[in-house]
Amino acid sequence: MTIASTSTHNLASALDLFALTKPRVMSLVIFTAICGLLAAPGSIHPVIGFTAILAISLGAGASAALNQWYEHDIDAVMKRTAKRPLPAGRMDRETALHFGIGLSVFSVLLMGVAVNWLSAVVLAFAIFFYAVVYTIWLKRNTPQNIVIGGAAGAFPPLIGWAAVTGDITLMPILLFAIIFFWTPPHFWALALFVNSDYSKAGVPMMPVVAGRQSTRKQIFGYSLILAICAIAPFVLGMTGAVYGVSAIVLSLVFCLLSLRVGLSKTEDPAAMKAEKQLFSFSILYLFTLFGALIIDRMLIA
């Protein structure tokens, strides 16, 4: 009886540690990192490539753990985060902090020793940016939290590229910019239909501070900038037609959905439907766009 109880407790603890890494978010991080790695010129040994992606994944998980360690109070009052390990009482804050710091150090050292130190430095900065600049400094203090903080999620393809080449050129910077300008419309679309959660938690998200109408207009504005960044690699001759056509079509749909959100009225019952559609498509957009980049690169090679 005692052995069974202990086994169940250990299993729950392991699952909670895994939950701290935000695995659903990590899937996008891993995918864009792989795309950055595969899109880079040159080659990398499969084992080294796998190690680079593992280090990026661990670094992303470390950032998520530190984020939840600091935001345990906010998570406790928000419906969509109340069941996370810390607010649910399944784990103490000290465990989350030690796990996050340990994973951070290990991921950076693994990247530096096994791959190269440029990618390790960028990974370390990405972890610091998400855990300190975004989580501790920006999120509770400014409605621009997502705009500036979006840089944290934009680093993976840049790190993947640096892992192969040992340098950073215009193409990985454009990949960074795509995710950076994708983040505000993606996240604000979510924030619009969970606005009450952020308001209750006292987080100054744009819909809470500036209102729904202003946020909707800004979503459309950022979508236009995103479209320019997404199409730029094709216009500059860095990619082929597969990526170019995909970027144009996907960005056109994204902008049309954003325009629909932007033109929505505050009291319009269809507004929330438009916001949810944009949020859902934004995820498909990024996966498909980066997938097209890899297909394009394989065809050119």
Side-chain angles (χ1 to χ4, degrees), residues 22 25 28-29 60 63-64 66-82 84 87 125-155 176-229 254-255 257-268 271-283 285-286:
K22 296 184 181 179
V25 176
L28 184 59
V29 168
S63 301
L66 293 172
N67 170 268
Q68 290 179 71
W69 160 76
Y70 189 77
E71 293 188 348
H72 70 104
D73 56 333
I74 294 177
D75 287 346
V77 299
M78 294 177 64
K79 184 185 297 184
R80 70 184 186 88
T81 57
R84 287 176 175 175
F125 182 73
I127 295 170
F128 170 81
F129 196 93
Y130 186 77
V132 178
V133 177
Y134 170 68
T135 300
I136 297 177
W137 178 37
L138 294 172
K139 187 165 184 178
R140 303 188 192 219
N141 296 303
T142 172
Q144 297 298 320
N145 46 23
I146 287 301
V147 178
I148 305 171
F155 281 111
F176 175 95
I178 289 170
I179 301 177
F180 181 80
F181 288 108
W182 167 87
T183 302
H186 164 73
F187 208 95
W188 284 340
L190 170 66
L192 280 168
F193 60 84
V194 294
N195 189 37
S196 59
D197 259 7
Y198 287 116
S199 180
K200 184 168 59 175
V203 179
M205 284 296 175
M206 193 63 71
V208 176
V209 175
R212 303 178 72 90
Q213 289 301 100
S214 174
T215 304
R216 287 168 177 157
K217 292 176 182 177
Q218 291 188 62
I219 283 176
F220 180 63
Y222 276 99
S223 298
L224 293 177
I225 301 174
L226 168 63
I228 293 171
C229 293
F254 197 105
C255 287
L257 290 174
S258 297
L259 179 61
R260 184 182 171 200
V261 169
L263 295 176
S264 298
K265 302 300 180 183
T266 301
E267 304 302 327
D268 185 357
M272 183 176 291
K273 181 180 178 181
E275 293 154 6
K276 288 183 176 180
Q277 286 180 339
L278 175 60
F279 175 74
S280 298
F281 181 77
S282 67
I283 300 172
Y285 174 90
L286 206 60

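Here CZ of Arg216 is found 12.5 Å from OG of Ser258. Values are rounded to the nearest 0.5 Å. Here CG of Asn141 is found 11.0 Å from CD1 of Ile136. Values are rounded to the nearest 0.5 Å.
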Inset, instruction - Using the salt bridge (charged side-chain N to carboxylate O under 4.0 Å, His left out) rule, take Arg260 and Glu275 through it: C-alpha gap first, then chi angles, then the decisive distance, then the call. - result: CA-CA 9 Å; Arg260 184 182 171 200; Glu275 293 154 6; over 6 Å; no
Inset, instruction - Begin with the C-alpha distance, continue with both residues' side-chain angles, and end with the deciding distance and a verdict on side chain to side chain contact (heavy atoms under 4.5 Å, CB included) for Leu66 and Tyr70. - result: CA-CA 6 Å; Leu66 293 172; Tyr70 189 77; over 6 Å; no
Inset, instruction - Report the C-alpha distance between Thr135 and Tyr130 in whole Å, list the side-chain angles of each, state the deciding distance to 0.1 Å, and finish with yes or no for side chain to side chain contact (heavy atoms under 4.5 Å, CB included). - result: CA-CA 6 Å; Thr135 300; Tyr130 186 77; 4.3 Å; yes
Inset, instruction - Given side chain to side chain contact (heavy atoms under 4.5 Å, CB included), test Phe220 with Val261 step by step and report yes or no. - result: CA-CA 8 Å; Phe220 180 63; Val261 169; over 6 Å; no
Inset, instruction - Could you give me the CA-CA distance, side-chain angles and deciding distance for Asn67 and Lys22, then say whether side-chain hydrogen bond (donor to acceptor under 3.5 Å, both in side chains) is met? - result: CA-CA 10 Å; Asn67 170 268; Lys22 296 184 181 179; 2.9 Å; yes
Inset, instruction - Take Phe129 and Tyr134 through the test ring pair (Phe, Tyr, Trp, His ring centres under 6.0 Å) and record every step on the way to the result. - result: CA-CA 6 Å; Phe129 196 93; Tyr134 170 68; 8.3 Å; no
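Side-chain contact between Val147 and Tyr222 is present, with heavy atoms from C-beta onward closer than 4.5 Å. Side-chain contact between Ile219 and Ser223: present, with at least one pair of heavy atoms (C-beta onward) separated by less than 4.5 Å. Between Pro87 and Thr81, the closest side-chain pair of non-hydrogen atoms is not below 4.5 Å. Gln218 has its side chain out of reach of Pro184: every pair of non-hydrogen atoms, C-beta onward, lies at least 4.5 Å apart. Side-chain contact between Leu224 and Ile228 is absent, with no heavy atoms from C-beta onward closer than 4.5 Å. Side-chain atoms of Leu28 and Leu286, non-hydrogen and from C-beta on, do get closer than 4.5 Å to each other. Residues His72 and Gln68 have side chains not in contact (no heavy-atom distance under 4.5 Å, counting atoms from C-beta outward).
Under the 4.0 Å criterion applied to side-chain N and carboxylate O atoms, Glu71 and Arg84 are not assigned as salt-bridge partners.
A donor-acceptor pair is defined here as one N or O able to donate and one able to accept, closer than 3.5 Å; such a pair exists between the side chain of Thr183 and the backbone of Ile179. For Asn145 (side chain) and Thr142 (main-chain N/O), a donor-acceptor pair under 3.5 Å exists by modelled atom type. Between the side chain of Ser282 and the backbone N or O of His186 there is no donor-acceptor pair closer than 3.5 Å.
Within a 6.0 Å radius of NZ in Lys217, no more than 12 heavy atoms belonging to other residues, nucleotides or ligands are found.
Under the 30°/60° scheme for interplanar angles, the aromatic rings of Phe176 and Phe180 are found to lie parallel.
Side-chain rings of Phe254 and Trp182 stay apart, their centers remaining 6.0 Å or farther from each other. The aromatic ring centres of Phe187 and Phe279 sit 6.0 Å or more apart.
Heavy-atom minimum distance, Leu278 versus Ala189: CD2-CB, 4.1 Å. When all heavy atoms of Phe181 and Cys229 are compared, the pair lying nearest together is CD1-SG, 3.7 Å. Here the closest heavy-atom approach between residue Met206 and residue Pro143 is recorded as CE-O, 3.4 Å.
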